[in-house]
Structures are given as structure tokens and as C-alpha cells.
Undergrad: 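Below are the C-alpha cells for one structure; questions will follow.
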Amino acid sequence: MDYSSPKVRIWQVVSLVPAGSVVTYGQIAHMAGLPHHARMVGSVLKQLPPDSSIPWHRVINCQGRISFPQGSPQYLRQQERLLAEGIEFMAERISLQQFQWQGGFES
DNA sequence: CCCGTGACGCCAC
DNA sequence: AGTGGCGCCACGG
């Protein structure tokens with residue numbers, strides 16, 4: 001198994017996100033050393049098995065929104081998990097200012 | 001190899 | 001604030 005593959009690095013970074021915080025796709029890509037690969041983060045998470053322990057639900061887009069059609073089963077599933085961790089939604093949006101994880105970047 | 005697709009992001013209207 | 005266009009790039013047909 002190649003633990004340095006982009007896929008694996010993305011999994012590793014996502015698994016570092018603490019409960020109660022969120023990160024954006026672009027942020028994950030950047031942290032994994034893969035700038036400009038935000039879309040790849042999405043496709044990689046999409047391939048995760050349903051029983052994966054990786055907190056994929058903490059990854060949202062740069063607008064603070066869940067990247068699924070509002071009301072879809074997937075949207076609701078992700079929202080449920082986030083609400084359960086104490087993350088607040090305001091008109092379908094999460095305040096990145098308040099909940100975005102700054103792991104490894106702040107002073 | 002060309003082309004469409006996508007759990008994205010940024011900028012212009 | 002909503003919409004649309006385009007850059008980005010891995011993937012599959």
C-alpha cells in the first residue's frame with residue numbers, strides 16, 4: 001500500500017479534523033500538499049466506504065455550505081452529523097469564521 | 001487522445 | 001444574493 005499517494009494523504013488530513021470544527025475542500029487539498037485539487041478531495045471522499053471512520057462530514061465548501069443538493073439524503077445525513085457535534089446552521093450555512101478548523105496554520 | 005463530468009473555487013455581473 | 005463562466009485537474013468512456 002502506498003501511504004504517500006494523494007488519496008491517502010487526503011484521508012490523513014481529513015482524519016485530523018476535530019469534532020465540532022469544519023474545513024473546506026480547498027483547505028484539505030492545500031494541507032495535503034495538493035493545491036488546486038479541491039475537486040479531487042470531493043471525488044476521494046466520495047469513494048469512501050459507508051462504514052469509514054474518516055470524518056468526511058466535516059468537509060464543506062468555501063461558502064460554508066454542504067456540497068449536496070439541499071434536502072437530499074446525503075445532505076441530511078451530513079447535516080445531522082454536524083449538528084450532533086454542535087455546529088450551527090444559519091439559513092443552510094455554517095459560519096466559517098466561527099467553526100473552520102485552523103489546524104497547523106495559525107500563530 | 002479527445003471529451004464530458006464533478007462532494008470545488010474565484011470573479012464578474 | 002443568485003447566476004454564470006472559467007480555471008483547475010483526475011478519471012472514465
Side-chain angles (χ1 to χ4, degrees):
Chain A
M1 190 58 169
D2 180 5
Y3 286 93
S4 65
S5 69
K7 227 195 273 188
V8 175
R9 285 212 297 280
I10 288 172
W11 289 340
Q12 297 178 323
V13 175
V14 174
S15 62
L16 295 177
V17 184
S21 296
V22 296
V23 287
T24 67
Y25 293 92
Q27 185 184 352
I28 289 296
H30 187 73
M31 292 174 77
L34 300 163
H36 313 305
H37 281 69
R39 303 192 77 136
M40 189 197 215
V41 174
S43 85
V44 166
L45 294 185
K46 184 176 174 182
Q47 297 169 43
L48 286 175
D51 58 322
S52 171
S53 60
I54 293 178
W56 54 270
H57 57 282
R58 294 177 192 145
V59 186
I60 60 179
N61 62 35
C62 68
Q63 305 169 79
R65 299 172 138 291
I66 288 175
S67 292
F68 280 122
Q70 187 181 346
S72 66
Q74 302 226 71
Y75 182 100
L76 297 174
R77 190 151 54 245
Q78 183 168 7
Q79 183 178 47
E80 283 292 313
R81 287 175 172 251
L82 292 174
L83 288 172
E85 298 184 349
I87 289 173
E88 302 168 31
F89 282 77
M90 290 164 32
E92 315 307 322
R93 255 189 294 136
I94 295 170
S95 167
L96 291 179
Q97 180 75 73
Q98 184 177 0
F99 297 103
Q100 181 170 38
W101 183 48
Q102 305 285 272
F105 287 107
E106 59 208 324
S107 50

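Note on naming: letters A, B, ... go to the chains in the order of the sequence lines (proteins, then strands), and numbering restarts at 1 for each one. All values reported here derive from a predicted model rather than from experimental measurement.
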Undergrad: With side chain to side chain donor-acceptor pair (under 3.5 Å) as the rule and sequence neighbours excluded, what pairs involving residues 32-44 of chain A come up?
TA: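 The answer is none; no pair qualifies.
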Undergrad: Find out if a path of hydrophobic residues (ILVMFWY) with successive side-chain heavy-atom gaps under 4.5 Å connects Ile87(A) to Ile66(A).
TA: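 Yes, because Ile87(A) and Ile66(A) connect within a single hydrophobic cluster, where side-chain heavy atoms sit under 4.5 Å apart.
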Undergrad: With a 4.5 Å heavy-atom cut-off, do Ser95(A) and Arg93(A) have their side chains touching?
TA: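 No - every pair of side-chain heavy atoms lies 4.5 Å or more apart.
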Undergrad: What pair of heavy atoms forms the shortest contact from Ala29(A) to Ala38(A), and how long is it?
TA: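 Reported closest heavy-atom pair: CB-N, 3.9 Å.
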Undergrad: Which atom pairs, one a donor and one an acceptor, fall under 3.5 Å between side chains of residues 17-25 of chain A and the rest of the protein, sequence neighbours left out?
TA:
{"residue": "Thr24(A)", "atom": "OG1", "partner": "Gln27(A)", "partner atom": "N", "Å": "3.1"}

Undergrad: Which atoms of nucleotides 10-12 of chain C (N or O only) lie under 3.5 Å from a protein N or O atom, and what are those distances?
TA:
{"residue": "dA10(C)", "atom": "OP1", "partner": "His37(A)", "partner atom": "NE2", "Å": "3.2"}

Undergrad: Please tell me whether His57(A) and Glu85(A) have a donor and an acceptor in their side chains that are separated by less than 3.5 angstrom.
TA: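 Yes, because at least one side-chain N or O of His57(A) sits under 3.5 Å from a partner of the opposite role on Glu85(A).
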Undergrad: So which of residues 54-80 of chain A are in contact with DNA chain C, with a heavy-atom cut-off of under 4.0 Å?
TA: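 Output list: empty, so none.
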Undergrad: Between Arg65(A) and Ile60(A), is there a side-chain heavy-atom distance shorter than 4.5 Å?
TA: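 Ile60(A) does not reach Arg65(A) side chain to side chain.
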Undergrad: Could you tell me which non-hydrogen atom of Leu76(A) sits nearest to which non-hydrogen atom of Gly71(A), and how far apart they are?
TA: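 Result for this residue pair: CD1-O, 3.6 Å.
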Undergrad: For DNA chain C, report each stem as range with range, ordered by first number, or say none. Use Watson-Crick or G-U wobble pairs under 3.5 Å, at least 3 in a row.
TA: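 Listed by first number, the stems are B:2-6 with C:9-13, B:8-13 with C:2-7.
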Undergrad: Side-chain contact test, heavy atoms from C-beta onward, threshold under 4.5 Å: evaluate it for Ile10(A) versus Lys7(A) and give yes or no.
TA: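 Of all side-chain heavy-atom pairs linking Lys7(A) with Ile10(A), none is under 4.5 Å.
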Undergrad: Can you pull the contact range of chain A along DNA chain B, 5' to 3', using atoms under 4.0 angstrom from its heavy atoms?
TA: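 So the contact region on DNA chain B extends dG6(B) to dC10(B).
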Undergrad: Do you know the tightest heavy-atom contact between Met31(A) and Val13(A)?
TA: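 Met31(A) and Val13(A) have their closest heavy atoms at CB-CG1, 3.8 Å.
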Undergrad: Provide the closest heavy-atom pair for Tyr75(A) versus Phe68(A) in the form atom of the first, atom of the second, distance.
TA: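 So the minimum-distance heavy-atom pair works out to CD1-O, 3.5 Å.
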Undergrad: After noting the C-alpha distance and the side-chain angles of Gln98(A) and Glu88(A), does the key distance pass the side chain to side chain contact (heavy atoms under 4.5 Å, CB included) rule?
TA: CA-CA 9 Å; Gln98(A) 184 177 0; Glu88(A) 302 168 31; 4.2 Å; yes
